[in-house]
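Below is one structure, written out as structure tokens; comments come after it.
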Amino acid sequence: MMRVYRIQDGASSRYVIEREGTWRALEGDLFGAFTEGAEIPSEGQKVLAPVLPSKIVCVGLNYRDHAIEQGKPLPPEPLLFIKPSTSVIGPGDAIAVPTWAGSIHHEAELAIVIGKRASNVPLAKANDYILGLTCVNDVTARDLQNKDGQYTRSKGFDTFAPVGPCIAVGLEGRDLQVRCYVNGNLRQDSRTRELIFTIPELVTYISQMQTLLPGDIISTGTPSGVGPIVPGDTVTIHVEGIGALTNTVVARQ
Ligand code: MG
């Protein structure tokens with residue numbers, strides 16, 4: 001298992017590979033052929049969102065406990081929506097919440113990073129199209145979601161998709177602990193074995209509808225325990241084997 005980070009490199013960025021705490025330069029193409037180069041110090045680096053996806057395909061109500069919490073019936077097939085690429089931020093960046101919009105919620109999620117162009121992928125081949133796994137905070141303006149009856153506005157604000165801190169490559173996603181902390185207090189704590197639709201099933205289902213491109217993200221849904229975040233809060237999404245994605249909350253100007 002290795003973890004791939006994208007870090008600031010002057011005005012540009014570069015990828016590094018972490019194994020057991022040691023960082024090495026990734027030489028080549030993350031989505032093609034690459035090798036491990038020279039060691040790089042991990043201290044003092046600015047870690048960026050690991051990918052810049054063309055789209056984030058999100059799954060609603062994919063944990064039994066969250067569907068019950070929201071008072072909604074279990075979906076017979078995946079309920080999908082898209083967060084725009086412009087909502088992506090990286091670790092340490094600020095989530096800017098519109099103070100006029102009512103309640104804003106955190107949603108801790110395990111996310112899939114697509115490794116190669118995927119269209120009509122059979123279930124048995126789904127894992128071949130996955131580069132690795134990361135964390136997403138599916139930040140949601142809950143009052144607007146309920147008011148609108150669909151998700152484009154409530155989940156599509158700039159900064160409403162923190163992603164990171166890395167891509168865990170070779171990590172088995174079937175039973176990982178997914179947690180959310182707000183100001184150090186545990187708010188969500190579940191495991192991916194509670195997912196209604198599994199990682200391979202989601203890749204297959206979505207790729208039958210739309211082509212997934214390298215770097216695209218599928219966010220697999222959130223467990224129970226969603227709740228409000230307000231300016232001044234610090235919110236951390238932690239998925240076992242991947243790491244911690246921490247962001248502060250500020251008022252949107
Ligand atoms: Mg969600």
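Everything numeric in this text was worked out from a predicted model, so none of it was measured. Counting starts at 1 for both ligands and their atoms, following the listed order. We use all heavy atoms of the structure for the numbers below, so side chains are in, but hydrogens, waters and symmetry mates are not.
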For this session: May I ask you to list the residues sharing a hydrophobic cluster with Y5, side-chain cutoff 4.5 Å, ordered by chain and number?
Result: I7, V16, W23, I40, V47
Exercise. Would a hydrophobic clustering, with Ile, Leu, Val, Met, Phe, Trp and Tyr connected at side-chain separations under 4.5 Å, put I104 with V182?
Worked result: yes
Problem set entry | hydrophobic_cluster_shared for L171 and L110, side chain cutoff 4.5 Å | yes
Exercise. Close to the Mg ion (ligand 1), meaning under 2.8 Å, how many protein N, O or S atoms are there?
Worked result: 3
For this session: Any pair with a residue in residues 156-167 that passes side chain to side chain donor-acceptor pair (under 3.5 Å), sequence neighbours left out, goes on the list, sorted by first then second residue, please.
Result: none
Exercise. Are L80 and L74 linked, directly or through other ILVMFWY residues, by side chains that come within less than 4.5 angstrom of each other?
Worked result: yes
Exercise. Other than V163, what residues sit in its cluster of Ile, Leu, Val, Met, Phe, Trp and Tyr side chains whose heavy atoms are under 4.5 Å apart, directly or through others?
Worked result: M2, V4, Y15, I17, L26, L30, F31, F34, V51, I56, V88, V113, L131, V136, I167, V169, I217
